[in-house]
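Reminder, nothing fancy here: chain letters follow the sequence lines and each chain counts from 1. Remember, predicted model here, so these are calculated numbers, not experimental data. Every heavy atom of this structure was used, including side-chain atoms; hydrogens, water molecules and symmetry mates were not.
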Amino acid sequence: MNKKFELPLCDQCHSRIHSVFGDLKDSDVKSLNENKCGNIYKKGQVLFYEGNKPTGLFCVNKGKIKTYRINADGKEQIIRLAKEGDVLGYSSLISGDLYSSSAAVIEDAIICYIPRNVFLNLLDSNTTFSMKMIRLLSHDLKSSEDRVVNLAQNTVRERLAETLLMLEEFGGTENDGKTLRTSLSREEIANIVGTATETTIRLLSEFRSDGLIELEGKRIKIVNRGLLLKAANVED
DNA sequence: TGTCAGCAGGCTTGCCACGT
DNA sequence: ACGTGGCAAGCCTGCTGACA
């Protein structure tokens, strides 16, 4: 059981400002606030499972979440990472389909839950909000297309380099500006890249030998961003 | 409260197999 | 030949419970 805590108010929520709910009218914010509920989640806890019926929208107030699918061999493929201000489960809510992926906490989190009818009413009544959701879905579609091409055409080395750069952007860095602020295990990094854990570890060691990164236990420090960009085969 | 042993899970490396 | 994945074994680290 999660311990009781003071649920963040929507009108004072810093994460909401940077989310799709950022520009809502006061009356809509009030409605959200009255109808939402929320909870503290510990690392590893699951928000929803692939194949379940969506009953509401998850809004990340604090912490980090992964969405993933499990393939026939039981191997996990991480599809997306979400942080403060991101929302989860909207595409299934809008389409009326079952969840196409599962979501689990990778860094202790506070998650608000907005019931399905509240979200759909907002979509119906607020054109600006609807347009925001359309833009978000379009962006998701483009990301998925990019990912398919990436998995099909890039080597594991390129994908790992790109993933490290993505993690730098997603989680930021510590005070030194170089060490990735991520609590992901080697296995989880491999599940983003779409390769085996051993291959990921081998390539990380290779990157270290080549002077792209430094490894301090689990921590990864990007020491030569230019070389990493080159390894990822992408423009800065 | 601090220390220590035991344990589990994660990390790393070597070796081998397989496909291109 | 090269890139990649899988398995196995050893090492490392963090957590937990027992004990002084």
Check the distance between [N]'s [atom2] and [X]'s [atom1] and give it to me in whole angstrom.
X        : N      : atom1 : atom2 : value
A/Arg157 : C/dG5  : CZ    : P     : 15 Å
A/Glu187 : B/dG9  : CD    : P     : 12 Å
A/Glu216 : B/dC11 : CD    : C1'   : 16 Å
A/Arg159 : C/dT4  : CZ    : P     : 8 Å
A/Glu158 : C/dT4  : CD    : C1'   : 14 Å
A/Leu160 : C/dG3  : CG    : P     : 15 Å
A/Arg186 : C/dT13 : CZ    : C1'   : 13 Å
A/Phe207 : B/dT12 : CZ    : C1'   : 17 Å

- Message: For a quick test of reading the model: is some side-chain N or O of A/Ser205 closer than 4.0 Å to OP1 or OP2 of B/dT13?
- Response: yes
- OP1 or OP2 of B/dT12 less than 4.0 angstrom from a side-chain nitrogen or oxygen of A/Arg202, does that happen here? no
- Can we say A/Glu168 and A/Arg181 salt-bridge, meaning some charged N sits less than 4.0 Å from an Asp/Glu carboxylate O? no
- Check every strand shown and say whether A/Ser185 touches a base, only sugar-phosphate, or nothing at a heavy-atom separation below 4.0 Å. sugar-phosphate
- Message: Within the 4.0 Å heavy-atom criterion, would you say A/Thr197 contacts the bases, only the backbone, or no part of the nucleic acid?
- Response: nothing
- Message: Before you tell me yes or no, could you show the steps for A/Tyr49 and A/Tyr99 under ring pair (Phe, Tyr, Trp, His ring centres under 6.0 Å), namely the whole-Å CA-CA distance, both residues' side-chain angles and the distance that decides it to 0.1 Å?
- Response: CA-CA 7 Å; A/Tyr49 287 99; A/Tyr99 284 127; 9.9 Å; no
- Item | Passing candidate, side-chain hydrogen bond (donor to acceptor under 3.5 Å, both in side chains) with A/Thr179, options A/Thr182, A/Asp176, A/Asn175 | A/Asp176
- Under the side chain to side chain donor-acceptor pair (under 3.5 Å) rule, collect the residues that match up with A/Lys30, sequence neighbours excluded. A/Glu34
- Quick one: the side chain of A/Glu198 and the base of B/dC11, do they pair up donor-acceptor inside 3.5 Å? no
